[in-house]
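For reference, the structure discussed in these notes is given below.
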Amino acid sequence: MQGIVLRGVGGFYYAMDEAGNIHTIRAQGKLRREHMKPMVGDHVEMIPGNGEENGWILKILERKTQLVRPPVANVDTVLIVLAAASPDPDPLLADRLMVNARRAGLNVRLAINKCDLNPDGARSLASQYAGADVAPMAVCAKTGEGVEALRLSLRGTIHALAGQSGAGKSSLINALYGLGQETGAISRKIERGKNTTRHCELLPLGDGGMVLDTPGFSLLETELFDPSELKTYYPEFQPMEGQCYFQGCMHASEPKCAVRDAVNEGKINSDRHARYVALLDEMKTRWRNRYD
């Protein structure tokens with residue numbers, strides 16, 4: 001029998017089979033010996049339990065995509081949620097999440113929640129990501145502003161919500177999809193927390209898609225990779241690629257840089273570029289020290 005892992009807690013996993021039944025299963029010892037740990041979103045071959053006995057995961061099928069944080073497999077899109085206020089938005093954290101998601105081959109979207117608390121701030125945040133291929137949208141889970149347009153844009157996809165603690169990811173999921181029978185019954189079955197998300201949880205939706213609620217972050221370190229790659233994860237830089245005076249320009253402090261010229265001309269947001277330079281400097285330091 002095959003199923004998809006919806007949630008994992010303390011060595012137990014909750015997987016849904018093709019008929020929509022949920023099974024409590026554990027990973028066989030051979031998977032641990034092979035250092036294969038099931039992730040939320042994994043498609044697995046399993047043996048269902050019998051009575052009070054739990055079932056077993058026999059095999060983890062090949063993953064289409066995989067993220068380390070949030071730890072999730074086989075999603076199509078990461079919807080990064082920033083709050084316009086309460087808490088103060090953390091665009092640098094959002095940028096880190098965008099880089100990690102793009103390195104994993106995922107589509108990236110941006111929702112700026114709580115726009116009712118700071119409309120001007122929400123518009124300013126959205127403007128920073130012009131050209132970043134994240135389709136920023138100002139929304140409000142409380143009032144419903146922008147929620148329907150966001151829901152339609154995600155329809156039929158498997159998407160994960162990620163972002164800083166307190167940004168309102170769970171509230172936004174409730175506003176997007178409600179607590180109807182399909183998601184509500186599964187939430188009760190796997191004891192989903194009502195207020196604070198402590199574990200990743202995949203919720204099937206009536207439109208054929210799925211949504212993943214993830215714990216929030218206060219800090220997140222970008223995965224380590226060659227610093228020269230970082231610029232490739234900034235779509236707004238791509239139209240200028242190859243136009244810089246120096247071959248291999250990293251678009252930081254080099255003279256005659258087409259990207260820096262675009263920043264000075266207002267074609268690329270200066271705050272977004274400044275955060276890119278900060279991430280680049282951090283990555284260079286970590287790369288130099290990677291064998292220490």
Side-chain angles (χ1 to χ4, degrees), residues 65-71 78-84 87-112 121 124-136 160 162-167 214-292:
T65 60
Q66 175 180 339
L67 277 174
V68 175
R69 193 170 184 190
V78 172
L79 176 65
I80 296 168
V81 182
L82 278 174
D88 291 337
D90 187 349
L92 182 60
L93 175 64
D95 291 355
R96 292 181 188 275
L97 286 166
M98 289 176 190
V99 170
N100 288 351
R102 288 206 161 99
R103 291 198 75 237
L106 302 177
N107 297 319
V108 183
R109 299 289 311 278
L110 176 64
I112 302 166
S124 176
L125 274 175
S127 69
Q128 291 186 30
Y129 292 93
D133 194 25
V134 294
Q164 70 191 104
S165 299
T214 68
F217 312 130
S218 296
L219 297 170
L220 176 69
E221 188 172 73
T222 310
E223 298 169 29
L224 182 61
F225 54 86
D226 188 327
S228 64
E229 296 179 20
L230 182 62
K231 63 182 180 180
T232 65
Y233 305 117
Y234 282 73
E236 58 265 62
F237 295 177
Q238 298 312 303
M240 296 83 184
E241 198 61 42
Q243 299 180 24
C244 300
Y245 183 81
F246 293 101
Q247 187 176 5
C249 180
M250 290 191 181
H251 314 319
S253 58
E254 300 91 337
K256 300 182 180 180
C257 169
V259 168
R260 293 179 62 213
D261 288 345
V263 172
N264 293 332
E265 294 167 5
K267 297 177 181 178
I268 294 175
N269 182 267
S270 58
D271 291 331
R272 167 88 162 150
H273 180 260
R275 295 193 300 272
Y276 161 78
V277 174
L279 287 178
L280 180 63
D281 290 343
E282 174 193 293
M283 191 66 68
K284 286 178 178 179
T285 300
R286 292 174 58 204
W287 189 254
R288 285 194 300 268
N289 300 330
R290 65 190 184 278
Y291 299 123
D292 292 349

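The shown structure was predicted, so the numbers you read here are calculated from the model rather than taken from an experiment.
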If you compare all heavy atoms of [X] against all heavy atoms of [Y], which two are closest, and at what distance to 0.1 Å?
X      : Y      : result
Gln164 : Ala83  : OE1-N, 4.2 Å
Pro255 : Tyr245 : O-CB, 4.4 Å
Leu93  : Gly163 : CD2-C, 4.4 Å
Asp133 : Arg102 : O-NH2, 3.1 Å
Thr222 : Leu279 : OG1-CD2, 4.0 Å
Cys249 : Cys244 : CB-CB, 3.7 Å

Check your understanding: How far apart are the C-alpha atoms of Tyr276 and Val263, what are their side-chain angles, what is the distance that settles it, and do they pass the side chain to side chain contact (heavy atoms under 4.5 Å, CB included) test?
Key -> CA-CA 12 Å; Tyr276 161 78; Val263 172; over 6 Å; no
[X] side, atom [atom1]; [Y] side, atom [atom2] - distance, nearest 0.5 Å:
X      : Y      : atom1 : atom2 : answer
Thr232 : Gln238 : OG1   : CD    : 7.0 Å
Glu241 : Lys231 : CD    : NZ    : 4.0 Å
Leu230 : Arg103 : CG    : CZ    : 9.5 Å
Arg286 : Leu224 : CZ    : CG    : 5.0 Å
Met250 : Glu229 : CE    : CD    : 10.0 Å
Cys257 : Asn264 : SG    : CG    : 9.5 Å

Point to revise | Donor-acceptor pair between Asp95 and Tyr129 side chains, under 3.5 angstrom | key: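 Side chains of Asp95 and Tyr129: pair found under 3.5 Å.
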**Study point:** Plane angle bin for Phe237 and Tyr234 - parallel if under 30°, tilted between 30 and 60°, otherwise perpendicular
**Key:**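 Rings of Tyr234 and Phe237: parallel, under 30°.
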Using atom types as modelled and distance alone, determine if a side-chain donor or acceptor of [X] lies under 3.5 Å from a backbone N or O of [Y].
X      : Y      : result
Arg290 : Trp287 : yes
Asn289 : Asp292 : no
Thr285 : Asp281 : yes

Check your understanding: Can Met240 and Ile268 be said to form a side chain to side chain contact (heavy atoms under 4.5 Å, CB included), step by step?
Key -> CA-CA 11 Å; Met240 296 83 184; Ile268 294 175; 4.2 Å; yes
Review point. Looking at residues at least two apart in the chain, or sitting in another chain, which of them share a side chain to side chain contact (heavy atoms under 4.5 Å, CB included) with Lys267?
Key: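 Lys267: side chain to side chain contact (heavy atoms under 4.5 Å, CB included) contacts with Ala262, Glu265.
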Review point. Is any side-chain heavy atom of Pro136 less than 4.5 Å from a side-chain heavy atom of Leu125?
Key: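 When only atoms from C-beta onward are counted, Leu125 and Pro136 do not touch, as no gap falls below 4.5 Å.
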Check your understanding: Are any non-hydrogen side-chain atoms of Arg275 and Arg96 less than 4.5 angstrom apart?
Key ->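 Not in contact.
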Review point. Checking side-chain contact (heavy atoms from CB on, under 4.5 Å) against Leu97, which of Val78, Leu67, Ile80 comes through?
Key: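 Considering Val78, Leu67, Ile80, a side-chain contact (heavy atoms from CB on, under 4.5 Å) with Leu97 is found only for Ile80.
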